Every structure is written in structure tokens, then in C-alpha cells.
*Asks:* 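Okay, here's the structure, questions in a sec.
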Amino acid sequence: MLPTLAEVLELPALKRARPRVVVGSDRLDVPVRWVHIAEVTDLAHLLRGGELVLSTGIAMPDDPDALRRYIDDLAAAGVSGIAVELGRKYHAELPPAFLGAARDAGVPVVLLDREARFVEITEAVHIRVVNEQLEELRESEKLHSVFTQLSVEGADTAQILHEVAQLSGCPVVLENLTHQVLACDLNGEDPGTLLTSWESRSRAIRSGSHTVHAPSTGWLVTTVGARGQDWGRLILIVGANPTQRQSMLIERAATTLALGRLLERHQESLERQTHRTIISSIIDRAYSDPEEALVRARAVGVPLKGRELVGLVLRLRESGTGLAAQARLSDTAEGAARACRELRLPALVGSLDDLRVGILLPLSSKQRLEPTLHMLADRVRHTTGDAAVLAVGSSADGVREVRRSFLEARQVGDVAVRQSDQRPFYRLPDLHLRGLLHLFRDDERLQTYVERELGPLLDHDARHGDDLTAMLRCYLGAGRNKALAASRAHLSRPAFYERLRRIGNILDADLESVETCLSLHVALLSLDSVRDER
């Protein structure tokens, strides 16, 4: 954190020269990066910005136009200010042309009424700058040490946010891409005050790839994500003026949260770890050449080449944390692998996350899918009990299509776990739209879709306290029947039509278009899923 011009003027070496600000007294908060002593007029090309220029004025031109050019050149170079010692050339005041040019360019001008020792001033300022930089470096090293330790220890989100709150003395909130609070540590502040109407307040603050500060709310906001996939925002409620340390703190915490999400894995047997790595690499398309996946699978005794490939997912019925949940997931994976071995079905079996076990099943031309699935479902239930449901993706002709098969199986499993019909296994046709969207409520792509389709309307309602989103929901829920929608909304037709017109303008959408309305309707259902159980 660099010292400001106001702080520099308070240094003893400068105060002895009796500094007097004659231009730019409202700009003394500008940072000073360095001091440059100059007794020539063509020095702008030597500067990098942020310098306080010291001069006796002895070489300054007398011509008003030349003086203006001199000031304009320094302003263009980004100087923090100009300090002129009186007595050598100027005895009481600076020329009006000098002051006018500085005022127009927004450059602070300081008169030194007494003879100044420029070397002492330079030393004092440079020591202050270097000390500030050293302090910033120490803080950076301290934060690096703290958050590296948290990463090594596998700290969870709550622990990381608690550390941020303790180090900053401020409340901290982690939200997803649709501005729903995922976790927070309010540092003793009242939740009713800080979290009320959170979504509408958060929507008012735009952020990008860099950390931003919103003076109106005092929020310091940074994006959380890794590998090009942003999944949330971290918000530190700091007040009016965040420090450099607070900015470093929130960015380091965001990195730790992103890293933790990438590293969250449970302990498995070496075989399960190997299988999981191969499955994950296929799903994530980490292999640049599909042939590599075939080779790696073959090396662990699972031939994939020339086979019909089917992605299966065993979805645990109960979620949880801690050692019990890890043991349950591990037991399910080992039980599924044992069932495959007993049926002489070579398959890759490994955990996909905390709730799901993936099975990549390769079938030869002699094996029929339906009977094989029934046998496997029966044997899996025998070995794992009723702890999970078996979901089946569509068949894939090659490794490149396996990702789609697993995604389908995951969708089916998350909805099927709430079914009560007790089928041996479930497929995609068993799903309905609401169940599908509910499954994807934590997926950043669905949240991004909601924001793209409905963001402007949600922002408008949040800013103005309107209910236009509800009116759109009413219109689409009535099958685009305006008269019926107006009746359900308890509005006259003209009043309802006027609201539809405003909605169309805000969203820049044609509400007479079937395709547009279908997209908006899916976005509204998605919004319900995202907000569900938050």
C-alpha cells in the first residue's frame, strides 16, 4: 500500500520546508510511488507515473504556453504532484499560467516556503515506500502460509470462511452464480441484517474476472472457480475503503476454496482409485487421444475397444459427511465391483463424488443389455443392500460418447432416488422436466442459463420492487392465454397487457414467439429448482 500525497506532506523532512498546497487540495489521496528531482522541462519521458516531482523552478519556462505544455506533459505521465521550492526563481507565488494549467490537468501543486533539502525528502519518502512494500510482502507471506496450511489440512468451506472472518474482522459470504448463499461466517453480525434480501442486493453488484469493491454496499467481491469454470463469488463486507491486505485475503481465500473443491476425494482401494481415475478422465475428456483410454482400461483388465459401452451410476439414498459417509461410499463401490466380478463382467468401477459410484460396463456382441442389467441389478442389491439405486445411461458406440451416457445416468439416479416404485434399475425416459431441472440445480451451467434468460427481469424486480417475474410466470403457466393469465393475476386485461409489454422490453424478447416462451418457461422452472431447499 503506497503512501498518499497527504501522508508524504506530513513527513518531517517535508514539514520543515513548510509545504503549502495551492492546487489540488481535494486530490491529496493520490498515492506516491517515488520522488523525482527535476530541473529540466523535458522530463516526462523519464517518468513512469506516481512520482512526486521536486523542483526549484529554475529551469521552468517563462512563456505561458510553454508552462502549460510542461504541466500537461507531467499530467500525461501520471505524476502524483509537483512541489516547487520558492526563492530561486519564484519568490512568493507561481505564475497564473502554471497554476491554471495544473488546475485544469488535475495535478496537485505544493509550494515549499522554506529552503528544502531534496535529498532528505527523497530518502524519507523512499524509506516510507519501501517499508510499505516490505510490510505488504510480509502480509502476503503470512496469508500464503495460513491458506497453504488450510489446503494441506483439507479444511472445509466453513473452516476457510471462519479464518477469513478472523483475519479480516469482517463478515464473509460465499454465494453461487444465481446469488444464493452457500455458506457464510458473519463474524458475530446479525444474520437478519446482513442476509435479508441478499439476492436482490447481490444482483446489483457486477463483477468479472477481477476483485471489485462496491462503495454503495462496502462489499469486496471476487470470483471463485478453477480450470475456467467459475462456480461462485466470495464477498467480504469491509465497508467504505478496503485495504490491500483485505484484497489479498479474499483472493487467497477464493483460490483455497477452488482448490479444495478440486481436491475433495474420499479414500478408496488402489484398484478403485485407478478405475475412478480412468472413468473421470474419460468423462472429463482428459485424454487427448481416445486410444489412450482404451490402453489404460485394457491395462487393468477391462477391454473397451469394439464393445457396446454403457454408463451406470449407483446413487446413494442417504447423503452425509465424515467417516461414516466415506465408508458407505467405499463399501458401495467395492460391492458393485464384487458383483461385476461374480457375474464375470469386466467393468470399471469407481466413485464419481460423495454420493455416486460409476460403472462403465463394456458388452461384447454376444451379450444382451437387458438381461445383463437385470442380473447386475439383482447382484448389486444382494451385495450392497438397499443403500443405492441403479441408474442406466444410453448406450455409447465409443469412448467419446461415454460422457453423455454417464451424464444421463447421473440425471436418472438423482431423480430415481426419490421414487417409490422400487424398480431394479432406472432409465432416462422415467424423468420429467421438473425432476431433470431439480437434478441440475447446483450445476453452474444451469445457473448461467437462468441468469442469461431472466437476469434483467430479476434485476428490475429487485431494484423497483415489482412483480414482473410473477406476471411472466402467470402468463406462461396459462399456456400464453392472456385472458386466462390476467384473470389468474387478478388484473384487468389492459393492465396485464401493459405488464407483458414491459417484460418484453426488459428482456428484449418476443412473448408471442413459442420458442422464446418455451425457453423462458424452462428458465423459470430452473429458477425454482435453483432456489429449492436453499
Side-chain angles (χ1 to χ4, degrees), residues 1-39 41 43-44 46-129 131-133 213 215-216 218 238-244:
M1 181 69 96
L2 296 173
T4 65
L5 181 54
E7 292 171 334
V8 167
L9 294 179
E10 291 298 318
L11 293 175
L14 253 167
K15 292 198 74 172
R16 281 194 290 270
R18 292 188 179 177
R20 177 163 48 97
V21 180
V22 292
V23 173
S25 58
D26 58 336
R27 294 178 56 83
L28 298 183
D29 58 346
V30 63
V32 176
R33 186 187 59 81
W34 211 242
V35 173
H36 191 94
I37 302 173
E39 299 298 359
T41 56
L43 74 151
L46 302 174
L47 305 177
R48 294 172 50 196
E51 293 92 351
L52 172 62
V53 176
L54 296 180
S55 176
T56 62
I58 196 71
M60 291 184 184
D62 296 322
D63 178 62
D65 291 336
L67 269 178
R68 180 172 291 276
R69 284 194 300 272
Y70 170 74
I71 297 298
D72 289 343
D73 288 345
L74 293 183
V79 300
S80 299
I82 306 171
V84 180
E85 180 189 272
L86 297 179
R88 303 282 179 146
K89 180 170 184 176
Y90 305 116
H91 298 286
E93 298 291 341
L94 295 177
F98 188 110
L99 299 177
R103 193 173 295 108
D104 293 341
V107 177
V109 177
V110 180
L111 293 184
L112 304 179
D113 288 332
R114 278 187 175 180
E115 184 179 40
R117 295 184 178 181
F118 283 1
V119 172
E120 289 185 2
I121 294 174
T122 302
E123 286 181 345
V125 174
H126 291 179
I127 288 172
R128 175 67 181 271
V129 169
N131 285 343
E132 293 283 359
Q133 291 174 339
H213 177 249
S216 60
V238 298
N241 296 307
T243 64
Q244 183 68 23

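Values below: all heavy atoms of this structure, side chains included; hydrogens, waters and symmetry mates excluded. Because the structure is a prediction, the values reported are computed rather than measured.
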*Asks:* Among all residues two or more places apart in sequence or in another chain, which pass the side chain to side chain contact (heavy atoms under 4.5 Å, CB included) test with Ser25?
*Replies:*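 Here the qualifying residues are Val21.
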*Asks:* What distance do Leu14 atom CG and Glu120 atom CD have between them, rounded to the nearest 0.5 Å?
*Replies:*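 Reported to 0.5 Å precision, the distance equals 10.5 Å.
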*Asks:* Mind checking salt bridge (Lys or Arg N to Asp or Glu O under 4.0 Å) for Glu123 and listing every partner two or more places apart, or none if nothing turns up?
*Replies:*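 Glu123 satisfies salt bridge (Lys or Arg N to Asp or Glu O under 4.0 Å) with no other residue.
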*Asks:* Ala102: which residues meet the side chain to side chain contact (heavy atoms under 4.5 Å, CB included) condition with it, sequence neighbours left out?
*Replies:*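 Only Val23, Ile71, Val109 meet the side chain to side chain contact (heavy atoms under 4.5 Å, CB included) criterion with Ala102.
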*Asks:* A side-chain contact here means heavy atoms from C-beta on lying under 4.5 Å apart; do Ile121 and Leu11 qualify?
*Replies:*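 No. Closest side-chain heavy atoms not under 4.5 Å.
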*Asks:* Evaluate the side-chain proximity of Arg48 to Trp34: yes if any heavy-atom separation is below 4.5 Å, no if none is.
*Replies:*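 Side chain of Trp34 against side chain of Arg48, heavy atoms only: no contact under 4.5 Å found.
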*Asks:* Not counting sequence neighbours, list each pair that qualifies as a side chain to side chain donor-acceptor pair (under 3.5 Å) and has a residue in residues 62-72.
*Replies:*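 Applying side chain to side chain donor-acceptor pair (under 3.5 Å) to every pair that reaches into residues 62-72, excluding sequence neighbours, yields Asp62-Lys89, Arg68-Asp104.
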*Asks:* For a 4.5 angstrom cut-off between non-hydrogen side-chain atoms, does Met60 reach Leu67?
*Replies:*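 The answer is yes, as the side chains (C-beta and beyond) meet within the 4.5 Å cut-off.
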*Asks:* Would you call Glu39 and Ser55 a side-chain contact if the rule is heavy atoms closer than 4.5 Å?
*Replies:*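 Counting from C-beta outward, Glu39 and Ser55 do come under 4.5 Å.
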*Asks:* Are any of the side-chain heavy atoms of Thr4 and Pro31 separated by less than 4.5 Å?
*Replies:*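 Thr4 does not reach Pro31 side chain to side chain.
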*Asks:* Please name all residues satisfying side chain to side chain contact (heavy atoms under 4.5 Å, CB included) with Ile37, sequence neighbours left out, ordered by chain then number.
*Replies:*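 Scan of Ile37 (side chain to side chain contact (heavy atoms under 4.5 Å, CB included), adjacent residues dropped) gives Leu54, Phe118, Thr122.
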*Asks:* Within the 4.5 Å heavy-atom criterion, are His213 and Val238 side-chain neighbours or not?
*Replies:*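 The answer is yes, as the side chains (C-beta and beyond) meet within the 4.5 Å cut-off.
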*Asks:* Applying side chain to side chain contact (heavy atoms under 4.5 Å, CB included), can you list everything that pairs with Val30, at least two apart in sequence or on another chain?
*Replies:*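 Here the qualifying residues are Leu5, Ser80.
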*Asks:* For Arg20, is the CZ atom crowded, meaning more than 12 foreign heavy atoms sit under 6.0 Å from it?
*Replies:*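 Buried by this count: over 12 neighbours within 6.0 Å.
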